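Have a look at the structure below before the remarks.
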Amino acid sequence: MIDMLTAAVSPLLETEGLPALPPSSVELVIPKTPEHGDYATNVAMSLSRHLKRKPRDIASEVVKRLPVADSILAKVDIAGPGFINLFVKPDAWHRILMEINQHPDGFGRGTIGNGKRVQVEFVSANPTGPLHIGHGRGAATGDVMANILEACGFDVQREYYINDAGNQMDTLGASLYYRYQELLGEKIDFPDNHYRGEYMKELAVTFREEAGDQYLRKPLQEVLPMFTKFAADSILGGIREDLAVFGVSFDEWFSERSLHEQDAVTTTITALRTAGHVYDSEGATWFRSTTFGDEKDRVVIRANGVSTYFAADLAYHKNKYDRGFDTVIDIWGADHHGYVPRMMAGVEALGRKRTDLHVILIQLVNLLRGGKPVAMSTRAGEFVTLREVIDEVGKDAARYIFLTRRSDSPLDFDLDVAKMQSNENPVYYVQYAHARLSSVFEVAQERGIVCGWLQGGEPPDLSPLRSAQEAALMRLLGEYPQLLTNCARNYEPHLIPYYLHELVSTFHSYYNQNRILGEDVDISQARLYLATAVRNVIGNALAILGVHAPEKM
RNA sequence: GCGCCUGUAGCUCAGUUGGAUAGAGCAACGGACUUCUAAUCCGUGGGUCAGGGGUUCGAAUCCCUUCAGGCGCGCCA
């Protein structure tokens, strides 16, 4: 459709001596009211400024060049200030159905990625405690973003960055050490700035089971590395397990420590120094991030000779690009937003474009129960873990709810609503439609109705699909590929739940008013074919969300 | 003090990147199961798009400003 319009408009532009249209300026919109056609475009109006002509005149020029006669267009109108309204022949909708049902898994898969290599780095929680609910939102967003990019033809890698360097690791090891001593009856004044969560006590019990009492009263310095390793390994193991239960897996678990071990931090700083982006001052080494728009320069090596976390992050991002990724997506908590400008500056200093890095910020999750906030105190080490949430409401509901908001706006997550098997819960609404559709085919089979296309046979005669409701349904189905492209281009996975809701609601309405398995064989066949397509697209979209599409509920 | 984000129906939020009469869900009220799943559907009410100014054919969307809320501003990670 877009190609056709562009083809009609371009010659007009050439005669006026103007450059060809950028593709984005020919936009097809689905109007709100049916009188405005199946599609509409505002090209005429956006051109009017360049051409210095009235929009309606341009519109009629464009319309004259549209190949109405032998195309999928039934009618073209000019309306309002210069909208071009396009009415599509039913055949066009039928073609969409065939496209879907002949390649159910391929439908919606696009090629805009063109095999470009993209890395999505997400969760990356410090291995100092179990994942909490906020990490869950990041996990769902990252995983689905990766699914979307894959569907759009990108070559995607999922990575978890393990912050296993720095003094927080020593703190972790010491925390375990103190809990262990406590367990063996020592009187310990547990230090304030250490990890005091309940999980640390449990870890001490496990440690004792494996190591016995041999470390009782041993000096901390002597045994710390072992305690640190044990704690980090166990906690990371738990994180992996929780993520697996949540349906999230990674291609690569990248250790921060490995960067230090390869001297990557030093190498990166040297490279930046050679390029003139690093200087010494006040005994420290600085990265001149102000060159690239940051508000002040940043220390990379402190006066005491120790490199900063940011220095490691520079090395890490250099490493990512060295591994051949064209684009890198980082998913961070929104409280890190102040960190974005310096990271962008770093990326540019490393010789990449700003657009080679995209940071998705994840806002807070407010956990509610029955509309009331669940008290969470990180200071006391008490928080609701991701695992507890999954165990209570299930993976599907959790994933879906995490994705029903734009990631940069805060999310209220009500445990009671997520569990509710009712219309208050958006997950069931969508899943129910899939189950309902599945059930139709089951009944069809019981009645001996043959759906040949399901076994690779020809589609039935689709001409009975003529009603406005059917057209609306088919148009929505046809929108799905465009939706995925939008999600990928704007890094916005939340559009999928909204799309699904609209598709499913249109279907439920249709289902209530029309009998799919009716008296008339031809109508039944055509409607079953439509139902097949609806089920395919719902299943497809749910698969991208990582939410189960049930046959029965 | 500076910076980023947010402000849309009673509540929670969308709004296709500047388009036509601003949309959903929940909550409220009234209806629909002898039928392929009522976890559904149909209908009703509900708005100064935080306020003000500007840009233009056209603004919830872009610019300026005021107000309100959240977050961030370390040689921490």
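Not measured: the values here are computed from a predicted model. Per chain, numbering begins at 1; letters A, B, ... match sequence-line order.
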### Query
Which is true for A/Arg447 with a 4.0 Å heavy-atom rule: it touches a base, it touches only sugar-phosphate, or it touches nothing?
sugar-phosphate
### Task
Identify the nucleotide, in any strand shown, that forms a Watson-Crick or G-U wobble pair with B/U56, with both distances under 3.5 Å; if there is none, say none.
none
## Note on the structure
Answer for the Watson-Crick or wobble partner of B/A32, both distances under 3.5 Å, is B/U40
### Query
If you measure from the ring centre of A/His36 to the centre of the six-membered ring in the base of B/A20, is it under 5.5 Å, with the planes under 30° apart?
yes
### Task
Tell me whether A/Tyr498 is stacked on the nucleobase of B/A24, counting only the six-membered base ring and applying the 5.5 Å and 30° thresholds.
no
### Query
Watson-Crick or G-U wobble partner for B/G23, using a 3.5 Å limit on both distances?
B/C13
What nitrogen or oxygen pairs link the protein and nucleotides 1-4 of chain B at under 3.5 Å?
from : atom 1 : to       : atom 2 : distance (Å)
B/G3 : N2     : A/His337 : NE2    : 3.2

### Message
Regarding A/Tyr339, tell me which of base, sugar-phosphate or nothing describes its non-hydrogen contacts under 4.0 Å with the strands shown.
### Response
base
### Task
May I ask you to check whether A/Tyr160 and A/Phe254 place their ring centres under 6.0 Å from each other?
no
### Task
Please list, by residue number, the residues of residues 405-414 of chain A whose heavy atoms come closer than 4.0 Å to an atom of RNA chain B; answer none if no residue qualifies.
A/Arg405, A/Arg406, A/Asp408, A/Ser409, A/Pro410, A/Asp412
## Note on the structure
The Watson-Crick or G-U wobble partner of B/G3, with both key distances under 3.5 Å, is B/C71
### Query
What is the nucleic acid contact for A/Asn85, judged by heavy atoms within less than 4.0 Å: base, sugar-phosphate only, or nothing?
base
